[in-house]
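In what follows, a structure is listed as structure tokens, so that the remarks can point back to it.
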There are 2 protein chains.
Amino acid sequence: MDLQTKLNNAGLRMTRPRQVVLSILEEAPVPLSPQSIHQHSIEAGQEIGLVSVYRTLEVLMELALVRKVHGADGCHGYVIASPGHHHHLVCHECDRAIEFSGKEDLANLMARIQKETGYIVDGHMLQLYGLCPECQSKMKARVNE
Amino acid sequence: MDLQTKLNNAGLRMTRPRQVVLSILEEAPVPLSPQSIHQHSIEAGQEIGLVSVYRTLEVLMELALVRKVHGADGCHGYVIASPGHHHHLVCHECDRAIEFSGKEDLANLMARIQKETGYIVDGHMLQLYGLCPECQSKMKARVNE
DNA sequence: CTCCTTACTGATAAATATTTTCAATAAGGA
DNA sequence: TCCTTATTGAAAATATTTATCAGTAAGGAG
Ligand SMILES: [Mn+2]
Ligand SMILES: [Mn+2]
Ligand SMILES: [Zn+2]
Ligand SMILES: [Zn+2]
């Protein structure tokens, strides 16, 4: 299902800002902040009001088309999200983020915690951090200087 | 090791603001924002400048005495952290947060993702969401009205 | 295709949140 | 007790997010 239909199904309209924000996030290899998205829109000759960026992100979050990526210490920004449930793996050097899935691997853990705590566990957020292949190469190159 | 020594070891000093912020977080059953911590300090007759709250949180984060709790959609706030590595389980009704550990459970997953993606995976953040026992009771009570 | 209805946008202003500066204070080792 | 200097709090500067509102345009009805 495409953006147009997804929006219309929710009683929303397909507009230029929504297209632009989505396509900027689709291009970006790293999580972007609202300010950063706004900046990109200007550089692409498709300026969008900063306020609309905020509003659009809210909509896209509700449609689960984008997600927020967090760091242990702070929030990194928004990334495009493919359909379904999944997590993100973020490079702590360059912030490049990619998706991965692993729902099954958490099922045991979640069941155990539910039993131990008395909480009913019904959701989770998992993020992995590491060094992406590109940054690994750069690091090797630096050592060989 | 107590706060005093921990601070001194890092070349830092033990001060009232640091004691107060820490003890407020120790009391609190839910994650607190800087503003909220500031408010608590006033109500406790131990007012601390808001700016100092920010500075103190930064220090306590570095000492790993507090952590940030995130929601899928936004950041919840700061919570006290016991020593060592662990995660948080947050009630989406009342925000009550408790710790749990489960490093082993993730080892397989992390190894798999590392192989699949080429990233060197060296860190992770996991949070579970659910309904705490108290909120479960309230919910039942409401149904029986 | 044209006409409405009303969701949406962008400009502006307002409200919040965070960071910077700097003189005065106090922690804690000598 | 006396220094040195980390730390605090008040104030101001920035940055971020939300609220308003009149004008615009998406898209269904006819
Ligand atoms: Mn966050
Ligand atoms: Mn862990
Ligand atoms: Zn990288
Ligand atoms: Zn609860």
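These numbers come from the heavy atoms of this one structure, side chains and all, not from hydrogens, waters or symmetry mates. In what follows, chains carry the letters A, B, and so on, assigned in the order in which the sequence lines appear, proteins first and then strands, with residues in each chain numbered from 1.
Looking at residues two or more places apart in sequence or on another chain, you find no ring pair (Phe, Tyr, Trp, His ring centres under 6.0 Å) involving A:H76. Listed by chain and residue number, B:H70 satisfy the ring pair (Phe, Tyr, Trp, His ring centres under 6.0 Å) test with A:H70 (two or more places apart in sequence, or in another chain). Scored by the ring pair (Phe, Tyr, Trp, His ring centres under 6.0 Å) test, A:F100 finds A:H87 as partners (sequence neighbours excluded).
In the hydrophobic clustering, where aliphatic and aromatic side chains (Ile, Leu, Val, Met, Phe, Trp, Tyr) are joined below 4.5 Å either directly or transitively, B:I42 stands alone. Clustering of Ile, Leu, Val, Met, Phe, Trp and Tyr side chains at separations under 4.5 Å places A:L131 together with A:M139, B:I120.
With hydrogens and angles ignored, the 3.5 Å screen pairs a side-chain donor or acceptor of A:E99 with a backbone N or O of A:S82.
The separation between A:L57 atom CG and C:dT9 atom C1' is 15 Å, rounded to whole Å. Rounded to whole Å, the distance from CD on B:Q19 to C1' on C:dA27 is 12 Å.
Residue pairs meeting the side chain to side chain donor-acceptor pair (under 3.5 Å) criterion with at least one member in residues 105-120 of chain A, sequence neighbours excluded: A:D105-B:R112, A:R112-A:E116, A:R112-B:D105. For residues 4-15 of chain B, the set of pairs meeting the side chain to side chain donor-acceptor pair (under 3.5 Å) definition, not counting sequence neighbours, comprises B:D2-B:T5.
Recorded end-axis angle for the helix from C:dC1-D:dG30 to C:dA30-D:dT1 stands at 50°, based on five pairs per end and rounded to 10 degrees.
Across residues 23-30 of chain B, not one residue has a non-hydrogen atom less than 4.0 Å from an atom of DNA chain C.
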Please report, to 0.1 Å, the donor-acceptor pairs under 3.5 Å made by any side chain of residues 33-40 of chain A, with sequence neighbours excluded.
residue, atom, partner, partner atom, Å
A:S33, OG, A:S36, N, 3.1
A:Q35, NE2, A:Y54, OH, 3.1
A:H38, NE2, A:I48, O, 3.2

Output a table of donor-acceptor pairs, distance under 3.5 Å, between side-chain atoms of residues 88-96 of chain B and any protein atom two or more places apart or on a different chain; print 'none' if there are none.
residue, atom, partner, partner atom, Å
B:H92, ND1, B:G130, O, 3.4

With B for base contact, S for sugar-phosphate-only contact and - for none (protein heavy atoms under 4.0 Å), nucleotides 6-14 of chain D reads BSBB-B---

